[in-house]
Enquirer: 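First, the structure itself, so that you have it in front of you.
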Amino acid sequence: MKLKRFLLRYYPPGIILEYEQSDGAVKSKSIDLLDLRPDSDIGGLVDEIIASEPLVTESKAPQVTKLIAKLQQKLSQCQDRQFYLFKVLRAHILPLTNVAFNKSGSCFITGSYDRTCKVWSSQSGEELHTLEGHKNVVYAIGFNNPYGDKIATGSFDKTCRLWSTETGKCFHTFRGHTAEIVCLTFNPASTLVATGSMDTTARLWGVEDGEEKATLAGHSAEVICANFSTSGDRISTGSFDHTVSVWDTATGKRLHTLIGHRAEISNALFNYDSSLLATASMDQTCKLWDSRTGRNIETLRGHEDEVLDIAFDSTGQHLVSASADGSGRVYNIITRNCLAKLKGHEGEISKVSFNSQGTRILTGSSDRTAKLWDPVTGMCVQTLEGHTDEIFSCAFNYEGDTIITGSKDNTCRLWR
């Protein structure tokens, strides 16, 4: 094996090694530096890497030192920016269903009851494409990040469509579900699209050939969330049947059924190293599971109403929950302690996310505001006001310097 080059990954911090095998095939592997801090000892880290990674020899020490210094510099950049309203877009005539950014935040998409998905320029606010063809509500939407060259749309017309971001052309229409599609996601390599439906199944579709690769059947009620592990070898599905299933992506076989919640699941996510699954439920709790064995490790209690959303930070070391009780909670995944309570919204919080840096949490609420929080102190550092109806969707771009909020007032707001 011969090392070809190093690539930097800022969030979560790591170094990607691109190398050539003896047969000439080029592969890559990552050195994860999830515990890297601005004050970490670089020399000690470099020694550890050289000792444990055969591809990195002593001669590469100066290069690796520079790369880690670059990562540290990025980590220490000040993240206490105040956001201002950049643009208000009245995106569709009929209500919006969802909004999503591409990785850089240069463009975003909106789904609507008007049966279309629209692609927008974040900079100019101009509509780039209208993706037309669905016969019913466009409910689930997503980019194939980090690439961003494709968009998937899932509809109440029971189909999912794959589109070109650049041209707006439809590549494939995936047919097979027998009821509404309510969630979708791309695998990390962007070779598969997963869809979840009210027909109790999830399905895997080939991005290149448009063919169905697997039907994930086994739930007894709607599948409302689907998320891949970081390597893409497994996928989790959460259902209104109170359970979460973990499936082998290659074979479509069910590996585990996670039983323990007493009400509908709202989300189920792998952490970064995919050793854990976090689940959120209408039973007012979150649970942590060993993703390899399917064993329940911990139940996180404290909310007084349904838990509507959860999110990991990019390293997978912290989890935030959002509840219909109007509060959020931040947990340390290693100690499983609650580190902070996010209190200040006057209505339920339906959406929550970390920025890539893990220094801010964004929440969207039925009280018509979005809020930014310090995950360490639990203090609200900014309230994004202006929407005239509840906010159902909000997101950061990868760099954490642009925010999008989507509301039932039928507008999207861009903040930077």
Side-chain angles (χ1 to χ4, degrees), residues 7-16 18 28 30 32 34 70-71 74-75 77 79 81 83 86-87 89 98-111 117-129 131 140-154 162-168 171 183-194 207 226-232 269-272 274 311-316 351-362 364 393-406 412-416:
L7 299 167
L8 263 190
R9 185 190 65 213
Y10 287 120
Y11 313 119
I15 298 168
I16 313 290
E18 212 172 74
S28 65
S30 68
D32 296 328
L34 304 185
K70 239 181 161 175
L71 289 172
K74 192 80 170 171
L75 285 174
Q77 280 175 1
Q79 295 299 334
R81 66 183 292 141
F83 287 85
F86 175 65
K87 278 212 164 26
L89 296 167
N98 246 312
V99 297
F101 269 127
N102 67 347
K103 181 181 164 181
S104 70
S106 64
C107 66
F108 67 95
I109 50 179
T110 53
C117 172
K118 294 190 178 189
V119 188
W120 305 83
S121 161
S122 305
Q123 188 52 45
S124 66
E126 131 192 46
E127 185 184 313
L128 302 175
H129 303 292
L131 310 181
I141 57 176
F143 282 97
N144 65 332
N145 291 336
Y147 311 101
D149 63 327
K150 295 183 183 72
I151 293 163
T153 55
L162 187 69
W163 314 79
S164 162
T165 305
E166 195 184 344
T167 65
F171 292 127
C183 62
L184 62 78
T185 185
F186 284 91
N187 70 337
S190 185
T191 55
L192 294 172
V193 178
V207 166
N227 290 291
F228 284 96
S229 61
T230 303
S231 68
L269 302 168
F270 289 93
N271 66 338
Y272 175 72
S274 302
F312 279 109
D313 67 355
S314 68
T315 65
K351 204 79 183 155
V352 67
S353 60
F354 277 94
N355 64 355
S356 297
Q357 298 83 352
T359 55
R360 288 289 177 263
I361 290 167
L362 174 65
S393 193
C394 55
F396 284 105
N397 68 336
Y398 178 75
E399 282 292 343
D401 58 11
T402 310
I403 288 169
I404 189 166
T405 52
C412 289
R413 288 176 175 244
L414 283 174
W415 313 77
R416 20 178 81 159

Enquirer: Taking all atoms of both residues into account, what is the closest heavy-atom pair of Ser353 and Cys394, and its distance?
Expert: OG-O, 4.4 Å

Enquirer: If we count only N and O atoms by modelled type, under 3.5 Å, do the side chains of Asn355 and Gln357 hold a donor and an acceptor together?
Expert: yes

Enquirer: Applying the side-chain hydrogen bond (donor to acceptor under 3.5 Å, both in side chains) criterion to Trp415, which one of Thr402, Thr405, Asp401 satisfies it?
Expert: Thr405

Enquirer: Looking at Asn145 and Phe101, would you say the former's side chain and the latter's main chain have a donor-acceptor pair under 3.5 Å?
Expert: yes

Enquirer: Indicate the atoms forming the closest heavy-atom contact of Thr110 with Cys412, along with that distance.
Expert: CG2-SG, 3.5 Å

Enquirer: For a quick test of reading the model, state the closest non-hydrogen atom pair linking Gly105 to Asn397 and the distance between them.
Expert: CA-CB, 3.7 Å

Enquirer: Got a second to check how far Ile109's CD1 is from Leu131's CG, nearest 0.5 Å?
Expert: 8.0 Å

Enquirer: Determine whether Trp163 and Val119 make a side-chain contact, defined as any pair of heavy atoms from C-beta on separated by less than 4.5 Å.
Expert: no

Enquirer: Under a 3.5 Å distance rule, please check whether Ser121 uses its side chain to pair with a backbone N or O of Cys107 as donor and acceptor.
Expert: no

Enquirer: What closest approach, in Å, do Phe228 and Pro188 show between heavy atoms, and which atom pair accounts for it?
Expert: CB-CD, 4.0 Å

Enquirer: Taking atom CG of Leu162 and atom CZ of Phe171, what is their separation to the nearest 0.5 Å?
Expert: 6.5 Å

Enquirer: Please confirm whether the backbone N or O of Thr230 pairs with a side-chain atom of Ser274, one donor and one acceptor, at under 3.5 Å?
Expert: yes

Enquirer: Is the backbone of Leu192 close enough, under 3.5 Å, to the side chain of Asn187 for a donor and an acceptor to pair up by distance?
Expert: yes

Enquirer: Is Ser356 reaching over with its side chain to a backbone N or O of Tyr398, donor-acceptor style, under 3.5 angstrom?
Expert: yes

Enquirer: Mind checking the CG-CG spacing from Asp313 to Leu34? Nearest 0.5 Å is all I need.
Expert: 9.0 Å

Enquirer: Can you find a pair of side-chain heavy atoms, one from Ile404 and one from Trp120, that are under 4.5 Å apart?
Expert: no

Enquirer: Specify the closest pair of heavy atoms between Phe186 and Gly142, including all atoms of both residues, with the distance to one decimal.
Expert: CE1-O, 3.6 Å

Enquirer: Measure from the side-chain N and O atoms of Ser28 to the backbone N and O of Ile16, and report whether any donor-acceptor pair falls under 3.5 Å.
Expert: no

Enquirer: Determine whether Ile141 and Ile151 make a side-chain contact, defined as any pair of heavy atoms from C-beta on separated by less than 4.5 Å.
Expert: no

Enquirer: Checking Asp32 now: which residues fulfil salt bridge (Lys or Arg N to Asp or Glu O under 4.0 Å) with it, not counting sequence neighbours?
Expert: Arg9

Enquirer: Looking at every heavy atom in both Ala311 and Phe354, which two are closest together, and how far apart are they?
Expert: O-CE1, 3.7 Å

Enquirer: Before accepting this row, confirm whether a basic side-chain N of the pair Lys87/Glu126 lies closer than 4.0 Å to the acidic partner's carboxylate O.
Expert: no

Enquirer: Using side-chain contact (heavy atoms from CB on, under 4.5 Å), reason through Leu89 and Phe108 one step at a time and then give a plain yes or no.
Expert: CA-CA 12 Å; Leu89 296 167; Phe108 67 95; 3.2 Å; yes

Enquirer: Give, for atom CD of Glu399 and atom OH of Tyr10, the distance between the pair rounded to the nearest 0.5 Å.
Expert: 8.5 Å

Enquirer: Hey, could you give me the CG/CG distance between Leu269 and Asn227, rounded to the nearest 0.5 Å?
Expert: 5.0 Å

Enquirer: Once you round to the nearest 0.5 Å, how far does CG of Asn102 lie from CG of Asn144?
Expert: 10.0 Å

Enquirer: Should we say atom CD of Glu18 is surrounded by more than 12 heavy atoms from elsewhere, each under 6.0 Å from it?
Expert: yes

